[in-house]
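By convention here, the first residue in the shown sequence is residue 1.
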Amino acid sequence: MEYFLENPDHSWYLIAGISFVIELSIMGLSGPLLFFAIASLLTGILVSIGVIDGWQSEVFSVGLLTALIAFILWKPLKRFQNTKSKTDNSSDMIGLKVPASSEINASGGTIRYSGINWPARLADEADVEFISEKSLCQIVAITGNTMLVKPI
C-alpha cells in the first residue's frame with residue numbers, strides 16, 4: 001500500500017487497468033467505465049511527467065478528463081455500436097422451405113424446422129398480409145432468433 005502512496009502515477013495505471021478489464025469483460029464496451037479508464041490512464045501519464053501533483057489535482061483531472069473524453073467519444077462509439085447488421089444473411093437456414101406451424105404475419109408467428117417451432121414474421125419483401133398455418137414459406141433472413149419468411 002505504501003508503494004502506491006509514494007507512486008500515485010502507478011495507482012492511476014492500476015485503476016485504469018482494472019477499469020478496462022471490468023469494462024471489456026462485464027460491460028462490453030458500453031462506455032462510462034471506458035471513459036473513466038482512459039481518463040485514469042491519462043492522469044497517470046500527467047502525474048508521471050510532473051504536470052499534475054497532489055491528490056486533489058489528480059482527482060479533479062480524472063473528473064475533467066472523463067467528462068471531456070465522454071463528450072468527444074460518445075457519438076462515434078454509439079455510431080460504431082449501431083453499425084452492426086441486425087439481420088443475418090449468412091445462416092445455413094436462409095433459403096430453406098419450411099411449413100408454418102401457426103399463422104405468420106408482420107408481427108409474428110412460428111415455423112417448424114428440425115422438430116422445433118421457431119419464431120417467425122413476414123419479411124419486408126413479402127407481398128401478402130399473412131401466411132396461413134401449414135403453408136410452405138421460405139426463410140429469407142434471420143434477426144436474432146426470429147426467422148423472416150416469405151410465401152412460396
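The closest side-chain donor-acceptor pair between Thr143 and Thr146, if any, does not fall under 3.5 angstrom.
Taking CD1 of Ile15 as the start and OG1 of Thr43 as the end, the distance is 9.5 Å to the nearest 0.5 Å. Put simply, CD1 on Ile152 and CG on Leu136 are 5.0 Å apart, with the number rounded to the nearest 0.5 Å. Taking CG of Leu96 as the reference point, atom CD of Gln138 lies at 8.5 Å (rounded to 0.5 Å). Interatomic distance, OG of Ser40 versus CD of Glu58, reported as 10.5 Å (0.5 Å rounding). Atom-to-atom distance recorded for Leu68:CG and Leu73:CG is 9.0 Å, nearest 0.5 angstrom. Distance check: Leu14 CG to Leu41 CG gives 12.0 Å after rounding to the nearest 0.5 Å.
Between Trp12 and Leu42, the closest side-chain pair of non-hydrogen atoms is not below 4.5 Å. In this structure, the side chains of Phe36 and Ile69 stay at 4.5 Å or more apart for every pair of heavy atoms. Side-chain contact check for Phe20 versus Leu34: some heavy-atom pair is nearer than 4.5 Å.
The two residues Gly44 and Asp9 have their closest heavy-atom pair at O-CB, 3.5 Å. For the pair Ser19 and Ala37, the tightest heavy-atom approach, listed with the atom from each and the gap, is CB-CB, 3.5 Å. Contact between Lys150 and Ile131 at its shortest, heavy atoms only, is C-CD1, 3.9 Å. Closest of all the heavy-atom pairs between Val149 and Ala126 is O-CB, 4.2 Å. Counting all heavy atoms, side chain and backbone alike, Arg112 lies closest to Asn117 at CD-OD1, 3.0 Å. Minimum interatomic distance between Leu33 and Glu23 (heavy atoms only, all atoms of both residues): CB-OE1, 3.0 Å.
Distance alone, capped at 3.5 Å, is enough to place a donor-acceptor pair between the Thr66 side chain and the Val62 backbone.
Cluster membership for Ile111 and Ile116, using ILVMFWY side-chain heavy atoms within less than 4.5 angstrom, is shared. Note: the hydrophobic cluster containing Ile22 also contains Phe35 (ILVMFWY, side chain heavy atoms under 4.5 Å, direct or indirect links). No single ILVMFWY cluster, assembled from side-chain heavy atoms under 4.5 Å apart, contains both Ile26 and Val21. Residues Leu65 and Val51 share a single hydrophobic cluster, defined by chaining ILVMFWY side chains whose heavy atoms lie under 4.5 Å apart. Hydrophobic clustering of Ile, Leu, Val, Met, Phe, Trp and Tyr side chains at less than 4.5 Å, counting indirect connections, keeps Ile139 apart from Phe130.
Remark: Glu129 CD is loosely packed, at most 12 non-hydrogen atoms of other residues, nucleotides or ligands lying under 6.0 Å away.
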Exercise. When you look at Arg121 and Asn105, which way does the side chain to side chain contact (heavy atoms under 4.5 Å, CB included) test go after all the steps?
Worked result: CA-CA 6 Å; Arg121 65 180 171 82; Asn105 56 36; 6.0 Å; no

Exercise. Hey, mind stepping through Thr110 and Trp118 against side chain to side chain contact (heavy atoms under 4.5 Å, CB included) and telling me if it holds?
Worked result: CA-CA 5 Å; Thr110 57; Trp118 294 85; over 6 Å; no

